[in-house]
Amino acid sequence: QHYINDWNDPAKVAVFQPMSTIHKDLNNLHLPSWDASVKALLDKGYEIVIIGSAQDGRDIEKYYPNLLERYPMRDLTGKTSMFESIDLVMNCSSFVLSCDSWSFWYGIASRKKTVAAVNASFFQQETSRRNPFSAQFSQAFGNEDVYKTCFAGSDNCDATLANWINENA
């Protein structure tokens with residue numbers, strides 16, 4: 001766990017996965033602003049670590065220019081394996097801020113406070129090979145008391161998630 005040795009307060013670590021484009025339809029990908037959510041976590045005293053693949057890191061720089069320069073966050077994109085990232089979410093964090101990707105599900109499974117900006121496919125009632133995790137699945141998954149989702153394409157998604165952070169983190 002070399003990536004967590006120097007955090008000020010391990011009880012206040014938020015893992016942030018702003019985007020993941022693998023297996024996503026880029027023509028229908030909605031990207032929320034994360035500013036209010038990130039500010040809410042920082043105001044609550046969280047240290048934020050960004051996770052994702054090396055490609056995610058390049059995509060973050062493309063779609064969220066200067067995000068890492070605007071906020072004090074530790075960038076681990078492309079620097080940890082998938083298993084290390086899962087460990088960060090499940091065993092080292094106390095909060096998960098996520099797009100609709102795996103970190104959202106692992107955060108809920110490990111009962112971490114979790115918020116996610118999800119795309120329209122999440123709200124489809126039926127699961128499919130293309131969309132194996134619908135909102136219906138998340139209800140069956142349980143732990144509704146620890147997470148909040150919002151449609152990433154809505155104008156108030158970031159504000160909605162930030163409000164939940166302010167009330168629950």
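The two residues A169 and K44 make their nearest non-hydrogen contact at O-NZ, 3.5 Å. In plain terms, the two heavy atoms of I165 and S37 that are nearest each other are CD1-O, 3.7 Å. When all heavy atoms of V96 and S103 are compared, the pair lying nearest together is CG1-O, 3.6 Å. C157 approaches A117 most closely through the heavy-atom pair SG-CB, 3.7 Å. Nearest heavy-atom pair across S20 and D56 is CA-OD1, 3.5 Å. For T114 against I108, the heavy-atom pair with the smallest separation is OG1-N, 3.8 Å.
In this structure, the side chain of K112 engages the main chain of S93 through a donor-acceptor pair within 3.5 Å. Formation of a donor-acceptor pair under 3.5 Å by the D158 side chain with backbone atoms of D35 is found in this model. The closest donor-acceptor contact from the side chain of E84 to the backbone of S81 lies under 3.5 Å.
Side-chain contact between P18 and I50: present, with at least one pair of heavy atoms (C-beta onward) separated by less than 4.5 Å. Within the 4.5 Å cutoff, the side chain of L42 has heavy atoms near those of the Y71 side chain. Taking 4.5 Å as the limit, some side-chain heavy atom of W102 sits within range of a side-chain heavy atom of S85. Within the 4.5 Å cutoff, no side-chain heavy atoms of N168 are placed close to those of V115. A heavy-atom distance below 4.5 Å is found between the side chains of M19 and I60. For the pair S94/Y46, a side-chain contact is recorded, criterion being any heavy-atom separation below 4.5 Å from C-beta on. You'll find the side chain of C92 stays beyond 4.5 Å of the side chain of V13, heavy atoms only. With a 4.5 Å cut-off on side-chain heavy atoms, M73 and V38 count as touching.
Here the SG atom belonging to C150 is positioned 10.0 Å from the CG atom belonging to N163, to the nearest 0.5 angstrom. The SG atom of C99 sits 9.0 Å away from the CG atom of L31 when rounded to the nearest 0.5 Å. Between R74 atom CZ and E47 atom CD the span is 6.5 Å, to the nearest 0.5 Å. Here D100 contributes atom CG and T149 contributes atom OG1; the two are 10.0 Å apart, rounded to the nearest 0.5 Å. To the nearest 0.5 Å, atoms OH (Y63) and CZ (R58) are separated by 12.5 Å. For the atom pair N166 CG and D43 CG, the distance stands at 7.5 Å (nearest 0.5 Å).
By the neighbour-count criterion of 12 heavy atoms within 6.0 Å, atom CG of N66 is densely surrounded, having more than that number from other residues, nucleotides or ligands.
Side chains of D59 and Q55: a donor on one and an acceptor on the other come within 3.5 Å.
Using cut-offs of 30° and 60° on the angle between ring planes, the pair W164 and F95 is tilted.
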Checking Y147 against K113 for the side chain to side chain contact (heavy atoms under 4.5 Å, CB included) test, could you report, in this order, the C-alpha distance in whole Å, the side-chain angles of both residues, the deciding distance, and whether it holds?
CA-CA 6 Å; Y147 73 93; K113 298 286 185 177; over 6 Å; no

